[in-house]
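Contents: one structure, followed by commentary.
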Amino acid sequence: MVLASIAVIGKEHNPLYIRAFSRSQQDQSEESLLRFHFIVHTALDFVEDKIAAQRNAAQGSSSSSGPKLDPYLGLLYPIEDLRVYGYASTSKVKFIAVLDDEDVKDAQMNAFFRRLHGLYVDTVCNPFHPPNTELYDCAKFQRQVDRLVDAGLY
Amino acid sequence: MAAAPHKEVAETCFSYLQMELVELVIGSDVSSVSTVELQRASRKIEAVGFQVGQRLAERYTKDTPRFAETIDVIKFICKDFWFEIYRKQIDRLQTNNRGVFMLQDNRNRLLARCSPSLERRGNAKQVAALYARFPAGLIRGALSCFNVTASVSIEVGELPSCEFTVKVQESK
Amino acid sequence: MLVYTLHIFNRSGTCMYYREWSRPVPNSDLKSNNKLMFGFLFSLKQLVAKISPRKGGGFYACSTNVFKLNYFETPSGHRFILCTDLSAGDMREPLRHIYSHIFVECLVKNPLWRPNEEITNANFVQSIEKYITSL
């Protein structure tokens, strides 16, 4: 299972960080990055749908809304030979991961997203980082994401 | 994946830092400050609280599920958020169900120690209100982290209690 | 045990706080008496440091045949002097309590207190009153 791309989208659906990972050199072109931009933007619609569905389910049931509004959204949609997974945090920041078409356990993806969320929170808590701005300038975030992707899923 | 060790800071450090923040913004003598300068200082202190509140809210909700309604956000601020920062919860929450919430803290830790000397009893409440500006900024920052735009005003009643009035602006 | 008076001096010798509970002989001139007290303590401290047979230690009490003067100095230079009758035991702990639980809590942690100024804060005065009457 290979991670093709991850993205962090801000509250106003503004992309804060989109990064493509690949083993082969040819995939590292501008074109492939644009392709991932497109995939991630399409994924946002699915994210909104899932969030609305969760909220309706929570309102429909009589119990409290705690565990039903889980940040992990699961598989959003498949496209070509890739699968797109989503995670929406409490502060409306969304994390999207694009994987190649292999089965992956929800628990694994959940753990991965939680780690990524943790890295994002650490970066945002830096007082020199202006809120709601892109994360490309933060070298530490880039390094930690690299490490997470290398060590994480395979 | 070992969890990072739990870090702690002495509460007095945080209190002294807050006290110095107000001193820094006001300038030298607190008692001889004009109303305009007091307002300017209030805004600055509140802005600092805003930035800190945003980041703290981001950190404290890392592992919690999403909030369905604005009232859930307010409840989170009253309970978990205030507890993490001040080791106590907001004592009373009232709402008029039309976007206005009143949070009352009966024993705000910093205001509990505010005791004016005899000469300065006059504007003690005004000065004490400055110390309540930082928590007001924290509330506003935390709310904005969850995309809730609001204005927070404070009212210092009998020290050490103070009231935060949150007016949520409906944005759809 | 009877407590007569309490003085609090700061590092430069200003008497920041003075309170008397019972004083059969009234105070003639408060300001000059305070200066006298500070000067006496200052010289006594130097004397003790010079003639002490063993290294270390400072003085914490001295008595006459009618009253006992208990002394406590903090590293920051604040001096607490409690005058009691002779039946008072070792007053080091109460003086330490006055410093750490009353002085620090009511004044140092009080955003509205200015150091080196006369102490008139209601909170402090009440706490001192409560503590001393409980002794």
Side-chain angles (χ1 to χ4, degrees), chain A residues 8 10-13 16 47-48 50-61 63-73 86-95 108 110-133 147-148 151-152, chain B residues 1-7 9 14 17 21 44-81 84-85 134 137-150 168-169 171-172:
Chain A
V8 180
K11 300 182 219 276
E12 317 284 329
H13 300 307
L16 298 176
V47 165
E48 291 296 321
K50 282 240 173 174
I51 291 179
Q54 273 188 350
R55 192 175 299 153
N56 289 338
Q59 278 172 357
S61 73
S63 59
S64 74
S65 59
K68 296 204 176 59
L69 291 187
D70 194 16
Y72 178 62
L73 300 171
Y87 179 99
S89 77
T90 326
S91 52
K92 305 226 171 57
V93 170
K94 298 161 263 281
F95 300 87
Q108 238 179 335
N110 205 351
F112 171 77
F113 276 126
R114 277 172 182 274
R115 280 297 301 277
L116 193 58
H117 189 184
L119 295 179
Y120 170 75
V121 165
D122 285 339
T123 313
V124 159
C125 285
N126 177 357
F128 295 110
H129 179 263
N132 217 20
T133 54
R147 217 183 302 156
L148 177 65
Chain B
M1 195 170 70
H6 197 59
K7 293 183 190 158
V9 174
F14 182 49
L17 189 65
L21 174 67
K44 268 197 187 174
I45 296 170
E46 211 250 3
V48 173
F50 178 79
Q51 297 260 353
V52 175
Q54 267 190 323
R55 294 178 161 101
L56 278 180
E58 193 76 64
R59 194 176 271 289
Y60 291 148
T61 54
K62 193 166 90 72
D63 295 317
T64 56
R66 279 198 309 282
F67 300 120
E69 309 270 326
T70 316
I71 183 76
D72 291 323
V73 177
I74 300 280
K75 279 194 199 153
F76 162 75
I77 291 181
C78 292
K79 294 190 186 149
D80 303 317
F81 191 68
E84 289 284 348
I85 301 176
F134 183 78
L138 284 177
I139 297 178
R140 196 166 72 88
L143 286 172
S144 91
C145 175
F146 306 116
N147 262 6
V148 176
T149 322
V168 175
Q169 290 162 20
S171 56
K172 261 289 151 26

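Letters A, B, ... mirror the listed sequences (proteins, then strands); counts begin at 1.
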Any B:N147 side-chain heavy atom under 4.5 Å of A:E12 side chain: yes
Rounded distance [0.5 Å steps], OG in A:S89 versus CD in B:E58: 6.0 Å
To the nearest 0.5 Å, what is the distance between CZ (B:R66) and CG (A:L73)? 5.5 Å
Using modelled atom types and a 3.5 Å cut-off, is there a donor and acceptor pairing between side-chain atoms of B:R55 and backbone atoms of A:V124? yes
Tell me whether A:T90 contacts the main-chain N or O of B:T64 through its side chain, where contact means a donor paired with an acceptor under 3.5 Å. yes
Can you see which heavy atom on B:C145 is nearest to which on A:K11, and at what distance? O-NZ, 3.1 Å
Between A:D122 and B:R59, is the side chain to side chain contact (heavy atoms under 4.5 Å, CB included) condition met? List the steps. CA-CA 8 Å; A:D122 285 339; B:R59 194 176 271 289; 2.9 Å; yes
Contact class of A:Y72 relative to chain B, heavy atoms under 4.5 angstrom: neither
Could you look at A:R114 and say if it's the side chain, the backbone, both or neither that has a heavy atom under 4.5 Å from chain B? both
